[in-house]
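Remarks on the structure that follows.
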Amino acid sequence: MKGVYFDDIHSYNDLNLILSPFTPAPAEPQTNFLKVPGRDGSLDLTESHGEVKYNSRVFLFTFTINPADKMTFDEKVSQVSNALNGKQYKITLDRDPDYYWFGRCVVDKYAQNKKLGQITVKATVNPYKLKQTETVAKIALSSSEQTISLENGRMAAVPVIECTDDNTSVYFAGNTIKLNAGIHKILNIRFVEGFNTLKVKGTGTIAFTWQEGEL
């Protein structure tokens with residue numbers, strides 16, 4: 001039975017809940033339009049501080065209690081509330097297993113009609129769904145400068161950089177950054193959507209690890 005995972009708790013396999021048809025709420029951009037007297041239309045300042053930002057999404061999962069469940073309605077409500085109410089989870093839809101949403105769950109309402117019980121769980125989640133596995137690019141360095149191109153999804157990301165040797169150079173967006181052996185997070189190295197071009201030079205290896213996300 002298709003359902004949804006809250007971390008490793010499955011709505012059907014573990015809680016015996018049947019998920020009603022569900023469509024994720026769209027991401028709402030944080031727009032900023034300024035009305036200027038004497039000007040046709042409004043001045044769009046949405047991207048004045050960088051890329052577009054989005055509000056949190058609110059998902060409503062409506063579940064029907066499996067009629068074969070041996071618990072009473074009150075026992076089932078208590079079980080679901082203990083498992084989910086007020087907690088933060090990685091939320092993974094069975095139909096979209098490569099990505100997860102992250103947010104806080106609330107048991108929003110529940111009702112019983114004759115022998116049919118329903119429970120609604122509201123989840124307030126981040127606007128981007130995230131890949132289950134971080135993206136890793138590992139490059140063998142040489143004394144000659146190499147140009148590499150790393151593709152990123154819709155969500156901007158600052159990669160974690162791991163160098164095996166000292167005196168590693170990374171050239172990105174007009175800046176040359178010298179790195180020693182170890183793990184680094186350089187805020188000036190920020191991947192945007194599409195291909196990001198870098199130049200690297202040194203000895204040993206360099207690895208870039210980042211979290212990709214999509215709307």
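The model shown is predicted, which means the values in this text are computed figures rather than measured ones. Only this structure's heavy atoms are used, side chains among them; waters, hydrogens and symmetry mates stay out.
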Legend entry - Carboxylate-amine/guanidinium proximity below 4.0 Å for Lys131 and Asp98: no

Inset, instruction - Using the six-membered ring wherever Trp is involved, compare the ring planes of Phe208 and Phe191 and label them parallel, tilted or perpendicular (cut-offs 30° and 60°). - result: tilted

Inset, instruction - Classify the angle between the aromatic ring planes of Phe59 and Phe61 as parallel (below 30°), tilted (30 to 60°) or perpendicular (above 60°). - result: perpendicular

Legend entry - Atom OH of Tyr110 with >12 non-hydrogen neighbours under 6.0 angstrom: no

Legend entry - More than 12 heavy atoms from other groups under 6.0 Å of NZ on Lys201: no

For the atom pair [atom1] ([X]) and [atom2] ([Y]), what is the distance rounded to the nearest 0.5 Å?
X      : Y      : atom1 : atom2 : answer
Asp14  : Gln79  : CG    : CD    : 9.0 Å
Gln112 : Ile119 : CD    : CD1   : 10.0 Å
His49  : Asn32  : NE2   : CG    : 7.5 Å
Thr124 : Asn55  : OG1   : CG    : 11.5 Å
Leu93  : Lys2   : CG    : NZ    : 10.0 Å
Asn167 : Leu141 : CG    : CG    : 11.5 Å

What I want to check is whether the side chains of [X] and [Y] have a donor and an acceptor closer together than 3.5 Å.
X      : Y      : result
Lys109 : Thr120 : no
Glu134 : Thr209 : no
Gln30  : Thr46  : no
Asn152 : Trp210 : yes
Asn175 : Asn188 : no

ILVMFWY cluster, [X] and [Y] together (side-chain gap under 4.5 Å):
X      : Y      : answer
Val160 : Ile177 : no
Val125 : Tyr54  : no
Val106 : Phe102 : no
Tyr171 : Ile148 : no
Tyr12  : Tyr5   : no

Do [X] and [Y] have side chains that approach each other closer than 4.5 Å (heavy atoms only, starting at C-beta)?
X      : Y      : result
Asp108 : Val121 : no
Ile161 : Ile183 : no
Lys76  : Thr72  : no
Ser149 : Asn196 : no
Thr203 : Ser142 : no
Lys199 : Thr176 : no

Taking all non-hydrogen atoms of both residues, which atom of [X] and which atom of [Y] are closest, and how far apart?
X      : Y      : result
Val158 : Lys185 : O-CE, 3.5 Å
Glu51  : Ala156 : OE2-CB, 4.2 Å
Glu212 : Gly153 : OE1-N, 2.8 Å
Asp94  : Gly3   : OD2-N, 2.8 Å
Ala25  : Val58  : CB-O, 3.5 Å
Ala140 : Gln146 : O-NE2, 2.9 Å

For [Y], is there any backbone N or O sitting under 3.5 Å from a side-chain donor or acceptor partner on [X]?
X      : Y      : result
Ser20  : Thr62  : yes
Ser78  : Asp74  : no
Asp166 : Ala181 : yes
Lys87  : Asn82  : yes
Ser11  : Val4   : yes
Asp7   : Ile9   : no
Arg190 : Ala157 : no
His184 : Asn180 : yes

Legend entry - Test log, rule side chain to side chain contact (heavy atoms under 4.5 Å, CB included), inputs Ile65 and Phe73: CA-CA 8 Å; Ile65 300 171; Phe73 179 71; 3.6 Å; yes

Legend entry - side chain to side chain contact (heavy atoms under 4.5 Å, CB included) between Thr92 and His10, intermediate numbers included: CA-CA 9 Å; Thr92 304; His10 191 263; over 6 Å; no

Legend entry - From CA spacing to verdict: side-chain hydrogen bond (donor to acceptor under 3.5 Å, both in side chains), Lys138, Thr205: CA-CA 7 Å; Lys138 188 173 183 179; Thr205 62; 4.7 Å; no

Inset, instruction - Decide side chain to side chain contact (heavy atoms under 4.5 Å, CB included) for Val200 and Thr168; before the verdict, give the C-alpha distance in whole Å, the side-chain angles of both, and the deciding distance to 0.1 Å. - result: CA-CA 7 Å; Val200 293; Thr168 299; 5.8 Å; no

Legend entry - Candidates Leu15, Leu17, Asn16 - the one meeting side-chain contact (heavy atoms from CB on, under 4.5 Å) with Asp69: Asn16

Inset, instruction - Kindly indicate, with the supporting measurements, whether the criterion side chain to side chain contact (heavy atoms under 4.5 Å, CB included) is fulfilled by Tyr128 and Arg154. - result: CA-CA 9 Å; Tyr128 289 95; Arg154 179 66 175 77; 3.7 Å; yes

Inset, instruction - Take Glu214 and Lys129 through the test salt bridge (Lys or Arg N to Asp or Glu O under 4.0 Å) and record every step on the way to the result. - result: CA-CA 5 Å; Glu214 305 290 349; Lys129 63 179 183 179; over 6 Å; no

